[in-house]
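Provided herewith is a single structure, encoded as C-alpha cells, for subsequent inquiry.
Each chain gets a letter, A, B and so on, in the order the sequences are listed, and its residues count up from 1.
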Amino acid sequence: MSTNKTPQTLFEKIWQQHVVAAEPGNPTVLYIDLHLVHEVTSPQAFTGLRQKGLKVRHPGKTMATMDHGIPTTPPDVPITDELVIKQINQLETNCQEFGIPLHGIHSPNRGIVHVIGPELGLTQPGMTIVCGDSHTSTHGAFGTLAFGIGTSEVEHVLATQCLLQTKPQTYAVKVEGTLGQGVSAKDIILNLISRIGIGGGTGYVFEYLGSAIRALSMEERMTVCNMSIEGGARAGMIAPDEITFEYLAGRPAAPKGKAWETAINQWFALPTDDGATFDQEITIDANTLEPMITYGTNPGMGMPISGLIPDPDAIKDVSERQTLMKALQYMGLQAGQPLLGQPIDVVFLGSCTNSRLSDLRVAAQLVKGRKVAETVRFMVVPGSQQVKLQAEAEGLDKIFKEAGAEWREAGCSMCIAMNGDQLQPGQYAVSTSNRNFEGRQGKGGRTFLASPLTAVAAAVTGKVTDVRTLL
Amino acid sequence: MEKFTTLTATLVAIPTENIDTDQIIPARFLKVTDKAGLGDNLFCDWRYQADGTPKPDFVLNTERGKKAKILLAGDNFGCGSSREHAPWAIMGYGFQAVISTSFADIFRNNSLKLGLLPIAVDKETHLQLLSLVEEEPTTQISIDLQNQAVVLPDGRAVNFPIDNFSKTCILKGVDQLGYLQGHAAAIEAYEANHADRVNTLAR
C-alpha cells in the first residue's frame, strides 16, 4: 500500500468501495452485495414491486429464509397459526415469482437468517449486507458493513440492489486484556451497552478492536456485533483475520481455488490502517469484566452479576429517574437489592445472539451431570437446522434432554415470541437473546439478558446465579 | 407518499424515554402481509386491558387523542427493531409527525421514507411543549417543513434538522425509490467496474 494515502478505517474502506453515486446535498447511492430476506418484513416490499411493475434486479444476490414466526415444535406437528401460514405461503410465492433462492420450511439449511448467512459462507469480508432486521449487524463480525433496514428499503434493494445512505460516523470500541473464567463475548457487549446506554451509538458504526476481540472465535465475534444495535449503532464491525478466513474456507458459497486466493488478497487490505482516526472511542478492560446481567426493560440497564439494582432516588435527571422507576415496577424488583438469588421460571438458550454450535457446546458442558431445577422450564433452540444436526451428532441434545431441558427446532422462537414460544405474564426468564423490552418475550414477561453460561447457571439452580461458583 | 408542507394541529404526549418498537407495535402484530389495521394496535400493551377493552385514561383512547396529529414522545424514540410496522402503525392511527429530543436511526430513516416527520427539538423546547399539553390540552402548534420550524402558540419558531433530500421528497410527496431508479446507468457502470467483487456469490 502506498505511504502517501490517508489512513482509513475498515468502515471507510468498505463504504468507499460501494459508492455508486454521491451528488452534493443528496444521500449516497450505496451498492449492496447481499440482501437477506425473511417472511415478516418483506411481504409489503414485494407488493410494492408488483404495484410498480418492477423486477428483482439481482435474485442471485438475494437469499430468503423463514425464521421469525416458525414454530420450534417437531416438524410433524402442523402449523396452526393462520397468520404464520399466510406469511410462509406469501414468501414462497414471492421467491418463486421473483426467482429468489429460498431456504424454506423443509430445507435442511433453514434457520435464523443471521445464523445461516455465515454458515453457508454467503457472508464474506468487505461486503455490504442488509436485511429487514436490526440484528443484521451480526454479519459485521466478518469485516462487512451490515445493517438492518425497513421494508421501504427492502423494496429499494430488491429493485435496484442499492440503498440511499447518509454516511455514519465511526466509533472505536477497544477491548483489551483477557476474559476471566465464566466471562464471555456476551458479557463484553452487555458491558459496553450498560456504559454508553441504548442511544450511545446512535449515528455511529462501531468497530471492535483490541486483544480481547482478536482472541474471540467467529461465533463469539458474531455475538458481539449482533448487539451493536442495542447500543444504538446500526452496524458493528470486526476486521477480518486468520480466524475469519479459517471459518470461511470450504463453506458452500465461499470462493474456491484461485478465486479464494484473490479474495484473501482483497480481504487482507481491509483492516483499519495505522493512524486512522475515529469520531468517538471507548476502552473496556477485559481483565476486570464480570458476567453481566440486565435488571431493567432495555439492554442498557445491565450490571455485573454481583451488583446491586440501582436506586432511582440517586438519579438527578427527572426523566431518567422515571424511566428507571417504571422499569423496576414492570420487573417487580427493589432498588438497592442484589439480583443474585432471584427465582427464575424460564431459561431461554437461543436467538441470533447466542444459538450457534459453540454456544450450545459451552452450555452443554456446564449442564452435563446436572439437572434443570424443578421450577424451571429450560428451552434450548438451535439457531439453524444445521446447528441442530451438528449438535445432535455431538450428542449435545442428549445432554440437554437428560438434564430436563427442551430440545427444539430452529428459529427465532422466544427472542421475539411470535411463534407461540412465549413467557406468561409475570414470569421471570434468563434469556441469551438480545432484548428485554416490556413484553418482548411475551406480554407481561420479565427478561434478564445474560450469556449462555449464566443462563445455564440459572437453569440448574432455579435462580440468578454467578456461574463462576459452578465452574 | 402524501405531500407534507404545513400542519397545524393538537398534540398528545407519551413522554416515556426510550420507547422501543416493541411498545409501538408488539411483535405479535407483525404477522401481516399488508399495512392495514396496524393503527388499532399502536401502543397495544399500554392501551388495552388484559381483556382487550381500551383503558379509558390512556390518551390514545380519548377523543383528544383521536384528533391529535402530532405525537410528543420521550428521548430516543423508536429504538429497537427495524420494523417499518412502527411508523405504519403511528400513521395508521392518524399521526403525521413525532416530536422528541432524539430518534433511533432506523426508525428515523423508515419514517422519512413514508413522510412521517421525526422532529428532534432541544430539551428546553421539549419541556415547554410537555407543559403546554399538560396545561392546555387543546393547544395547537404548527409545523412548517419548508422552513424546518415548529411554531409555538407564543409565536416562537424552533428550527429542526432534516436532510435536504428527505425534505424535498416529503414536500413534493415523492417516493425515494424514483431517485435510485434514476441512477440506473451509474448502477450498471458500477457493476461492470466491480465485476470481480460484486459477483462474489456467483464464484
Side-chain angles (χ1 to χ4, degrees), chain A residues 20-21 25-27 29 31 33-34 40-41 43-44 47 60-61 69 81 83-84 86-87 90 122 124 127 132-134 148-153 155-156 159-162 164 166 198-199 202-203 232 234 253 255-256 259 262-263 266 298 319-320 323 326 416-418 435 437-440 443, chain B residues 15-18 20-23 26-28 30-35 45-46 50 74-76 79-88 102-107 109-111 113-114 163-166 175-177 179-181 183-184 186-187 189-191 194 196-203:
Chain A
V20 172
N26 286 338
V29 178
Y31 198 82
D33 294 323
L34 175 64
V40 174
T41 58
Q44 299 85 349
T47 302
K61 294 180 197 291
D81 186 333
L83 297 172
V84 169
K86 195 175 173 196
Q87 281 193 329
Q90 189 68 58
L122 293 168
Q124 297 168 19
M127 280 182 159
D133 188 288
S134 61
I149 56 176
T151 301
S152 294
E153 292 177 311
E155 187 183 329
H156 291 183
T160 67
Q161 204 59 37
C162 290
L164 290 168
T166 306
I198 56 170
T202 303
R234 286 180 78 182
K256 308 276 185 323
T262 312
Q266 289 177 3
N298 75 51
S319 45
E320 271 181 49
T323 302
K326 187 172 183 291
I416 191 162
M418 285 180 70
R435 289 190 175 135
F437 298 145
E438 285 182 27
R440 168 77 179 192
K443 193 175 173 182
Chain B
T16 309
E17 282 188 349
N18 303 315
D20 58 79
T21 52
D22 279 273
Q23 306 320 311
R28 61 186 183 277
L30 308 189
K31 292 185 269 190
V32 291
T33 50
D34 58 21
K35 306 174 188 179
D45 290 350
W46 293 353
D75 189 49
N76 193 32
C79 59
S81 88
S82 62
R83 64 189 71 162
E84 200 160 307
H85 309 68
W88 292 339
S102 72
F103 293 89
D105 274 337
I106 305 180
F107 178 84
N109 273 325
N110 287 343
S111 299
K113 287 187 168 55
L114 299 169
D163 70 279
N164 268 326
F165 177 78
S166 300
D175 192 319
Q176 294 190 9
L177 177 57
Y179 180 81
L180 276 172
Q181 290 173 305
H183 282 79
I187 297 169
Y190 178 90
E191 286 175 341
H194 294 78
D196 62 327
R197 187 172 51 73
V198 296
N199 289 327
T200 310
L201 294 186
R203 274 202 295 242

Most contacts with chain B, counted as non-hydrogen pairs under 4.5 angstrom, among A:Thr47, A:Thr41, A:Ile149: A:Ile149
Part of A:Gln90 within contact of chain B (heavy atom distance under 4.5 Å):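 Only the side chain of A:Gln90 comes within 4.5 Å of chain B.
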Side-chain donor-acceptor pair present, B:Glu17, A:Thr323, cut-off under 3.5 Å: yes
Between A:Gly132, A:Ser152, A:Ala21, the one whose heavy-atom pairs under 4.5 Å with chain B are most numerous: A:Ser152
Engaged part of B:Asp175 at the chain A interface, taking heavy atoms whose separation is under 4.5 Å: side chain
Heavy-atom closest contact (A:Thr151 atom, B:Glu84 atom, distance): N-OE1, 2.8 Å
Atom NZ of A:Lys86: over 12 foreign heavy atoms under 6.0 Å: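 Not more than 12 within 6.0 Å, no.
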Closest approach of A:Arg234 to B:Asn109 (non-hydrogen atoms, all atoms of both residues): NH1-ND2, 2.9 Å
Contact winner vs chain A - B:Leu30, B:Thr16, B:Asp75, heavy-atom pairs under 4.5 Å: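 Of the candidates given, the most pairs with chain A belong to B:Leu30.
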Option in A:Ser134, A:Gly439, A:Gly199, A:Gly25 with maximal non-hydrogen atom pairs under 4.5 Å from chain B: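 Heavy-atom pair counts peak at A:Ser134.
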Which atom of B:Tyr190 lies closest to which atom of A:Val20, heavy atoms considered: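 The answer is CG-CG2, 3.8 Å.
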Test log, rule side chain to side chain contact (heavy atoms under 4.5 Å, CB included), inputs A:Thr160 and B:Leu177: CA-CA 9 Å; A:Thr160 67; B:Leu177 177 57; 4.0 Å; yes
Side chain / backbone / both / neither for B:Phe107 at chain A, heavy atoms under 4.5 Å: neither
B:Asp22 and A:Arg435: CA distance, side-chain angles, deciding distance, salt bridge (charged side-chain N to carboxylate O under 4.0 Å, His left out) verdict: CA-CA 10 Å; B:Asp22 279 273; A:Arg435 289 190 175 135; 5.1 Å; no
CD1 on A:Ile416 to CZ on B:Arg83, rounded to 0.5 Å: 5.0 Å
Worked check of side chain to side chain contact (heavy atoms under 4.5 Å, CB included) between A:Gln44 and B:Val32: CA-CA 9 Å; A:Gln44 299 85 349; B:Val32 291; 3.9 Å; yes
Best-contacting candidate, B:Ile106, B:Asp45, B:Asp20, B:Thr21, against chain A by heavy atom pairs under 4.5 angstrom: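 Max contact count across the listed options: B:Asp20.
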Minimum heavy-atom distance between A:Gly150 and B:Asn110, given as atom pair plus value: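 That closest heavy-atom pairing would be CA-OD1, 3.1 Å.
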Full working for side chain to side chain contact (heavy atoms under 4.5 Å, CB included) between B:His194 and A:Tyr31: CA-CA 10 Å; B:His194 294 78; A:Tyr31 198 82; over 6 Å; no
Option in B:Asn164, B:Asn76, B:Ile187 with maximal non-hydrogen atom pairs under 4.5 Å from chain A: B:Ile187
Selection from B:Ala50, B:Gly80, B:Ala86 maximising heavy-atom pairs under 4.5 Å formed with chain A: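 Top option by heavy-atom pairs under 4.5 Å: B:Gly80.
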Which atoms of B:Asp34 approach chain A - backbone, side chain, both or neither, heavy atom under 4.5 Å: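 Contact with chain A is through the backbone of B:Asp34 alone.
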Nearest non-hydrogen partners of A:Gly203 and B:Asp105, listed with the distance: N-OD2, 2.8 Å
For A:Gly148 against B:Ser82, the heavy-atom pair lying closest together: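 Closest approach of A:Gly148 to B:Ser82: C-CB, 4.4 Å.
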Selection from A:Asp81, A:Thr166, A:Val84, A:Ile198 maximising heavy-atom pairs under 4.5 Å formed with chain B: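 It is A:Ile198.
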Separation of B:Tyr179 OH from A:Leu164 CG (nearest 0.5 Å):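 One finds 7.0 Å between CG of A:Leu164 and OH of B:Tyr179.
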Straight-line distance of A:Arg440 CZ to B:Ser81 OG, nearest 0.5 Å: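 Reported value, rounded in 0.5 Å steps: 6.5 Å.
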Rounded distance (nearest 0.5 Å) linking atom NZ of B:Lys113 with atom CD of A:Glu153: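 Nearest 0.5 Å value for the NZ-CD distance: 4.0 Å.
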